[in-house]
Asker: 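Input: one structure, supplied below.
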Amino acid sequence: MFTTDLLKGRAALVTGGGTGICRGIALAFARHGCDVAITSRKIEHLEPTADEIRACGARAVAKAADVRDPVAVDDAIAAVVGELGRLDILVNGAAGNFICLAENLSPNGFGTVVDIDLKGTFNVSRAALPHLKARGGSVINISATLPYLGTMGQSHAAAAKAGIDSLTRVLACEWGPHGIRVNGIAPGPIEGTEGVRRLVDDASREGAVRQCPLGRLGTIDDVSNATLFLCSDAASFINGVTLVVDGGLWLRSARILGD
Ligand code: COA
C-alpha cells in the first residue's frame, strides 16, 4: 500500500470506523497523513483499529458513541476536536442491517435501521458542522446501491440509504457556501466485510461475481481509494454526488438478453 501526504495536517472523523469498510477508510486516511478519530457503539471495536492508525504515524482518537444519541454525538465530537484540534473530514459510515421481508418486519425493526443510518448521518453531520465551517472540509456519506434496486428483504436499509442520498444533495447545496463539499459513496458487495458475511449467501455471491462487468466483488481498498479521492483536493469541484463503487454490478440488474 502506497503512502502520500495527500491529507497531511488534516483531521478526520469516521463513524463506524473500527471495523469493515470504515476501518479501511480510517487506515487509508492515516497512511495519507491524516489524523483520525473513530467512533462506534462498542469501544472494544475501536481500540485495535486506533492502534493500527497510530502505527501508520498518525494520531488516533477512539470514542464510543451511538449515532442515534445526539447528546453522545455532541460529546464525542467535542472530545475529538479537543484532542485533534480541528476537523476537516467526516465520514458517516455507522450503519446497521439485516435481511427481513417487509411483511415480517416490525415498526421498530424498520425504525432502528432508519435511526442508525439516516438519522445518525444527520446527527453527526449537524454536530460536526461548526468545526467543518472553520476551514472548509468534506463530508462523505456511505450509502449503497440499494436505493436503485428492489432488493427483497431490504426495505428498511434501502429506504434509509435513499434518504442519505437525498441528504447528501441537500447538504451539498446548504454547506457548499461554507467551503464544505458533501458527497456519498455507494459500494456494491465488498469482500471481507460483515455486510457480505451476514447478508450475502454463497449463491448470491457467485451470482454477483458472474454478473459484475469486472468479474469480481469489490475490495475495501476499492472503497477507501474512492473515498480518498473525494476527500482530496483532486475532487475540489465535486459536490453533491454519490459515487457508485461496484464495478458496474447494479447496471446489470437491467439485463434482458445475454445472461
Ligand atoms: N430480523 C428482523 N428484525 C430484526 C432483526 C432481524 N434479523 N434484527 C433486529 N431486528 C429488530 C428487532 O426485533 C427490534 O424490533 P422489535 O423491538 O419490534 O422486536 C429492532 O430491530 C431493534 O433490534 P435491537 O436488537 O434491539 O436493536 P439494536 O440497536 O441492538 O441492533 C441492529 C441494531 C438492528 C442493526 C442489529 O442488527 C445489529 O446490531 N447488527 C450488527 C451490526 C450491523 O448490522 N452491521 C452492519 C452490517 S451491514
Side-chain angles (χ1 to χ4, degrees), residues 13-27 38-49 62-73 76 91-124 140-165 184-205 207-208 217-224 226-227 242 244-246 249-250:
L13 168 62
V14 183
T15 69
T19 56
I21 288 175
C22 293
R23 168 180 166 272
I25 292 170
L27 293 175
I38 51 177
T39 65
S40 158
R41 277 187 294 171
K42 296 181 182 149
I43 191 76
E44 61 269 26
H45 284 170
L46 297 174
E47 276 158 355
T49 302
K63 290 280 169 219
D66 189 328
V67 296
R68 291 172 286 190
D69 178 349
V71 174
V73 166
V91 177
N92 284 302
N97 200 4
F98 49 80
I99 304 245
C100 185
L101 293 174
E103 66 181 325
N104 301 324
L105 186 59
S106 71
N108 191 38
F110 187 92
T112 296
V113 172
V114 170
D115 282 349
I116 298 171
D117 293 22
L118 176 55
K119 290 167 76 174
T121 295
F122 175 78
N123 292 341
V124 182
I140 302 292
N141 295 327
I142 303 299
S143 183
T145 52
L146 292 169
Y148 324 139
L149 303 165
T151 310
M152 291 164 61
Q154 288 286 270
S155 60
H156 41 311
K161 296 299 193 184
I164 288 174
D165 292 351
I185 298 266
I190 301 297
E191 201 87 76
T193 59
E194 188 191 347
V196 161
R197 269 193 301 278
R198 294 176 63 218
L199 307 176
V200 181
D201 61 22
D202 286 349
S204 306
R205 188 190 177 287
L217 295 195
T219 65
I220 290 176
D221 280 351
D222 290 326
V223 181
S224 53
T227 308
T242 294
V244 177
V245 183
D246 78 338
L249 175 62
W250 89 267

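Computed from heavy atoms alone, side chains included, the values below leave out hydrogens, waters and symmetry copies. Note that ligands are numbered from 1 as they come in the structure, with each ligand's atoms numbered from 1 the same way.
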Asker: Kindly indicate whether atom 5 (C) of ligand 1 is approached by any protein heavy atom to under 4.0 angstrom.
Answerer: yes

Asker: As a test of the contact definition, would atom 18 (O) of ligand 1 count as having a protein heavy-atom neighbour under 4.0 Å?
Answerer: yes

Asker: Hey, mind stepping through Asp201 and Ser204 against side chain to side chain donor-acceptor pair (under 3.5 Å) and telling me if it holds?
Answerer: CA-CA 5 Å; Asp201 61 22; Ser204 306; 2.7 Å; yes

Asker: Taking atom 35 (C) of ligand 1 as the point of reference, which of Pro107, Gly195, Gly96 owns the nearest heavy atom?
Answerer: Gly96

Asker: State whether any protein heavy atom lies less than 4.0 Å from atom 24 (P) of ligand 1.
Answerer: no

Asker: Side chains of Thr219 and Asp222: donor-acceptor distance under 3.5 Å anywhere?
Answerer: yes

Asker: In the protein, what heavy atom is nearest to atom 30 (O) of ligand 1, and what distance, to one decimal place, separates them?
Answerer: Arg41 NH1, 3.6 Å

Asker: May I ask you to list the atoms of ligand 1 that are less than 4.0 angstrom from any heavy atom of Arg68?
Answerer: 29 (O)

Asker: Are any of the protein's heavy atoms under 4.0 angstrom from atom 40 (N) of ligand 1, yes or no?
Answerer: yes

Asker: Could you tell me whether Arg197 approaches ligand 1 through its side chain, its backbone, both or neither, with non-hydrogen atoms closer than 4.0 Å?
Answerer: neither

Asker: Where the side chain of Thr49 meets the backbone of Gly18, is there a donor-acceptor pair that is under 3.5 Å apart?
Answerer: yes

Asker: Who gets closest to atom 44 (O) of ligand 1 by heavy atom: Glu194, Arg198, His156?
Answerer: Arg198

